[in-house]
Engineer: 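Dumping the structure here so I can ask a few things about it.
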Amino acid sequence: ELSRRYFASRLSLTAPIGWANSVSTQPRHFVEHVVVRRTGPSAMASFLVARRLLCPASARRLLPCTSPPPSAPAALCWLSTDASPSPPLPVPPLEPTVDPPKKDGASFSAGSGAGGAYRTGQGAASGGRRSGGAGYEEEQQKVLRASLLHVPRMGWSESAMIAGARDVAMSPAIVGAFPRKEAALVEFFMDDCLQQLMDRIDAGEGELLKNLMLTERLSRLVRMRLEMQTPYISKWPQALSIQSQPANVSTSLKQRAVLVDEIWHAAGDAGSDIDWYVKRTVLGGIYSASEVYMLTDNSPEFHDTWTFVNRRIKDALDLQKSYKEVAYLTETLGAGIGGSIQGVLNKVFQK
Amino acid sequence: MKHLDVAGGTGDVAFRVVERIKSVSHRATQGTLTDMEEDTHIYVCDINPNMLEVGKKRAAEKGYNEEQCLSWVQGDAEALSFEDGSMDGYTIAFGIRNVTHIEKALSEAYRVLKKGGRFLCLELSHVDVPVFKDIYDIYSFSVIPAVGELVAGDRQSYQYLVESIRRFPKQEKFAQMIQEAGFEAVEYENLVGGVVAIHSGVKL
C-alpha cells in the first residue's frame with residue numbers, strides 16, 4: 001500500500017523537497033512525473049557536470065572539471081605567504097576529435113567512475129541510468145531549448161517545459177524524466193550561454209579584446225555574458241533561487257566556476273602577481289554581484305550595470321596590484337613601530 | 001493527455017492519478033496552460049473482468065462514476081487493444097510479474113506510447129543488502145505462507161507469490177530488458193532496500 005502510494009506520487013509532481021514547493025511558481029500537471037530520487041546529490045551533480053562537460057555542446061573545448069571551487073583554496077592561499085607558482089592555466093581546445101555520439105555513451109562511465117554505462121548508487125538504494133546513445137540527450141536538449149522560448153511568460157517551471165515539449169512534438173511525459181526539472185532547464189541555459197560565449201570568443205571577438213587593457217577585457221567579457229540573460233531578466237530571480245536550492249547548488253557552483261575560468265582564460269591573465277584561485281574568486285564575486293545588481297536595474301539597456309561592472313573590476317584589480325605595496329608598507333611600519341616600542345621598553349627597564 | 005494503467009483492475013494507481021488531476025492545486029495550473037484545455041483520460045486495463053468490477057465499485061464508492069476521465073477496459077498486457085502511439089504514460093503496478101512473456105508486455109508498452117511517453121513499472125524485486133536479505137528470505141518463505149494459511153486458508157497462493165518474486169529477473173536484468181524493448185533513459189529505484197523497485201523508461 002505504501003509503495004503504491006509512492007508509485008502514484010511518482011506520476012504526479014509532488015516536489016521531493018519542500019523548499020522547491022515554495023519556490024517554484026506552478027503546481028504540476030499529473031503527467032509530469034517525479035524524477036527518480038537518487039542517493040548522493042553531490043555524486044549526481046558531479047555526474048551531471050561531467051556529462052555536461054563532455055556533451056556535444058561543450059565538446060569542443062574540454063574545460064578542467066577538476067578546477068576546485070574558488071572559495072576554499074582561496075582561503076588557504078591567503079594564509080600561505082610563499083609565492084608559489086600558480087597552477088597552469090587550462091589548455092584550450094583539447095581533442096577536437098571527440099566524437100559526440102560515442103562520447104555520450106562513454107561520458108556516463110567517465111563521469112561516474114563506475115564501469116559500464118550505468119552507475120550503482122551507494123547503499124543499493126538506487127540504480128543506474130542507461131543511455132541509448134546520443135538520441136536521448138539530443139531530444140532532451142531539443143525540448144529544453146524549445147522550453148526557453150516560453151520562460152519569459154511562464155517562468156522556469158514545468159509549464160514552460162511542457163509547452164516546450166509540445167512544440168517539439170514530444171509527449172509532455174518526457175518532462176518527468178528530467179533530473180530535477182526546473183533545475184535542468186536553468187542548467188541547460190547556463191551551459192548554453194557559456195557555449196555561446198566561447199563561440200563568440202572563438203569567432204573573432206577574442207581578437208578585438210587584445211587591444212584593450214585587462215580591466216576592460218574583463219568588463220567586456222562579463223558584459224557579453226550578462227547580456228545573454230537580458231531576455232529572461234524578468235524571471236531571473238526565480239532562476240537564481242532554483243540554483244541556490246540545496247539539491248542544485250553544487251552544480252550551479254561548478255557551472256559558475258567554469259564560466260569564470262573561461263572568462264579569465266579569454267582575457268588572458270598574463271603578467272600579474274595574483275594567485276590563480278584568488279583571480280577566480282574575485283571575478284566570481286564580481287560576476288554574482290553584477291548579476292544581482294542587474295535584477296533591479298531599470299536604466300536603458302542596463303547602462304548602470306555596465307558601469308557597476310567596470311567599477312568593481314577596476315577596484316578589485318587595483319586592490320590586488322597594490323597588495324604588494326601594502327605588504328611593504330606594513331613591513332616598514334612594523335619595523336618602525338617595533339623600533340619605537342623597543343625604545344620605550346628599554347627606557348622603562350633602564351629605570 | 002492519455003494515461004494507461006495496465007493490470008490495475010482495482011484502480012489503485014488510477015484513482016490516485018484522478019485525485020491529482022482534480023486537486024485544487026492542479027486547477028490553479030490551468031491558468032498558465034491555456035492551450036491544454038483537453039481533458040486527461042485514464043484507461044484502466046486488466047485481463048480479469050472481476051478485478052475491473054471491483055475497481056468500478058470502488059470508483060462508485062469514491063464518487064468517480066460521473067468522471068469522464070476513467071475508462072475500464074478488459075485486455076491482455078501482451079496484446080493491448082490500443083493504437084500505436086496513443087498514450088502519454090504507461091504504468092504497471094505489481095502486474096508484470098504475473099505476465100507470462102514479459103518481453104511481449106514491454107514491447108506492447110513501447111508500441112502504445114507516444115514519442116516522449118514514459119513507462120513506469122512498480123514491482124517486487126530482489127534484495128541484495130547483506131543481512132536484510134537473509135531476514136527477508138526467512139520472512140518470505142516461513143512467515144508469509146504460514147500467515148496466509150492462518151488468515152486466508154490458502155497457503156498455496158502465498159507460496160506461489162513468494163516464489164514468483166524470486167523468479168522475476170533482477171533489477172539490472174529487468175532494466176536491460178526494458179532497454180531492449182526500445183526505451184531510453186532506463187533507470188530504476190529501489191525502495192526498502194530492494195523489496196520493491198520502480199523501473200522507468202522513456203520512448204523516443
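First the proteins, then the strands, lettered A, B, ... as listed; each starts at 1. Basis for what follows: all heavy atoms, side chains included, without hydrogens, waters or symmetry-related copies.
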Engineer: How long is the straight-line distance from OG of A/Ser171 back to CE of B/Met87, given to the nearest 0.5 Å?
Structural biologist: 11.5 Å
Engineer: Taking all non-hydrogen atoms of both residues, which atom of B/Val202 and which atom of A/Ala177 are closest, and how far apart?
Structural biologist: CG2-CB, 3.4 Å
Engineer: For B/Phe141, I'd like to know if atom CZ has over 12 heavy atoms of other residues, nucleotides or ligands within 6.0 Å.
Structural biologist: yes
Engineer: Other residues, nucleotides and ligands only: do more than 12 of their heavy atoms fall within 6.0 Å of OH on B/Tyr110?
Structural biologist: yes
Engineer: Are A/Glu139 and B/Lys115 side-chain neighbours, meaning at least one heavy-atom pair lies under 4.5 Å?
Structural biologist: yes
Engineer: How long is the gap from CE on B/Met1 to CZ on A/Arg166, to the nearest 0.5 Å?
Structural biologist: 5.0 Å
